[in-house]
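All ligand and atom numbering here is 1-based and tracks the order in the structure.
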Amino acid sequence: MTEEQLREVLGFYQDLGIKQIYRRAAPPGTAAAADTVPTAPTAAAGPELVVLPLAPVHDTLEKIVQDIGDCKRCRLHERRNKIVFGTGNEQAKLVFVGEGPGADEDEQGMPFVGRAGQLLTQMIEGTARKEGIPLLRKDVYICNVVKCRPPENRTPLPDEMEICGQFLFRQLEVIRPKAICALGSTAAKALLGTKDGVMRLRGKWHQWRDLPVIVTYHPSYLLRPYNQNAKREAWEDLKKVLHFVYD
Ligand code: URA
């Protein structure tokens with residue numbers, strides 16, 4: 001079996017919700033054993049367990065787009081117009097992760113291009129300017145947890161996040177930014193595996209794998225008229241992450 005074929009098989013199981021797949025080491029002396037790449041030390045008792053990575057070794061954003069293809073892995077494909085993969089600098093030091101496309105994004109195939117997106121652009125560029133950091137929206141990378149618009153902009157369901165999350169994680173591993181900014185509780189849940197809300201999570205550093213994560217309010221929440229306090233806090237969060245990344 002080639003590496004590509006193996007990845008397809010593993011991807012199939014992952015789509016079914018099987019998160020970890022182990023390979024038992026081939027018995028010593030067999031042809032397969034000769035192919036086995038040495039891995040973590042073998043446990044004293046029991047078989048050696050090798051976790052197979054689902055992402056290809058030399059992954060790229062292009063390969064991820066190809067793997068997503070004309071995705072029908074979850075129900076969200078049924079009503080989508082366009083898959084919204086992500087845009088921006090592919091070598092960005094800062095990645096923003098939102099929840100999922102809205103109507104404008106679904107139509108244009110680009111993340112954060114509607115009202116919330118305009119606010120996000122203002123927040124990034126306005127804060128950077130005030131802080132003396134030469135940064136435009138095109139310098140960061142912006143993507144979402146799910147790549148297809150949920151009907152009526154509902155929150156993505158756990159299985160949708162699980163299935164699409166593998167592509168988000170691959171995007172983040174390819175870009176490997178200096179920091180990630182999670183916009184809202186869905187992004188925080190996908191990255192940190194927590195049910196805590198933004199109020200509890202914001203203002204401090206978290207980690208996705210080995211990358212630092214800041215959680216802040218989703219721009220759609222900030223568009224609501226009575227959220228002055230949240231707006232101030234979001235600007236503080238942004239300042240914090242911008243200085244961390246660009247100072
Ligand atoms: N909200 C999101 O979470 N993502 C978008 O791309 C647009 C709105």
| message | On the six-membered ring of Phe244, is Lys178 placed so that its NZ or CZ lies under 6.0 angstrom from the centre and within 45° of the ring axis? | response | yes

| Nearest protein heavy atom to atom 4 (N) of ligand 1, by residue and atom, and its distance? | Asn144 OD1, 2.7 Å

| request: Over all heavy atoms of both residues, which pair between Ala182 and Ala187 is shortest? Give the atoms and the distance, please. | output: CB-CB, 3.9 Å

| task | Test Glu236 against every option in Arg232, Lys239, Lys240 by the side chain to side chain donor-acceptor pair (under 3.5 Å) rule and name the one that passes. | result | Arg232

| In terms of heavy-atom contacts, does NZ of Lys63 have more than 12 from other residues, nucleotides or ligands at under 6.0 Å? | yes

| task | Just let me know how Glu105 lines up against ligand 1, side chain, backbone, both or neither, with a heavy-atom cut-off below 4.0 Å. | result | side chain

| said: Side chain or backbone, does Gly98 bring an N or O within less than 3.5 Å of an N or O on ligand 1? | reply: no

| said: Which of the numbered atoms in ligand 1 are under 4.0 angstrom from any heavy atom belonging to His218? | reply: 1 (N), 2 (C), 3 (O)

| task | Can you run down the side chain to side chain donor-acceptor pair (under 3.5 Å) pairs that involve residues 181-190, sequence neighbours left out, and say none if there aren't any? | result | Glu99-Thr186

| remark: among protein heavy atoms, the one nearest atom 2 (C) of ligand 1 is Gly100 O, 3.0 Å

| message | Taking Glu107's backbone N and O only, do any of them form a donor-acceptor pair with Arg149's side chain (distance below 3.5 Å, no angle check)? | response | no

| note | For Pro111, the ligand 1 atoms with a heavy-atom partner under 4.0 Å come out as 6 (O)

| message | Could you tell me, atom by atom, which parts of ligand 1 come under 4.0 Å of a heavy atom of Glu99? | response | 2 (C), 3 (O)

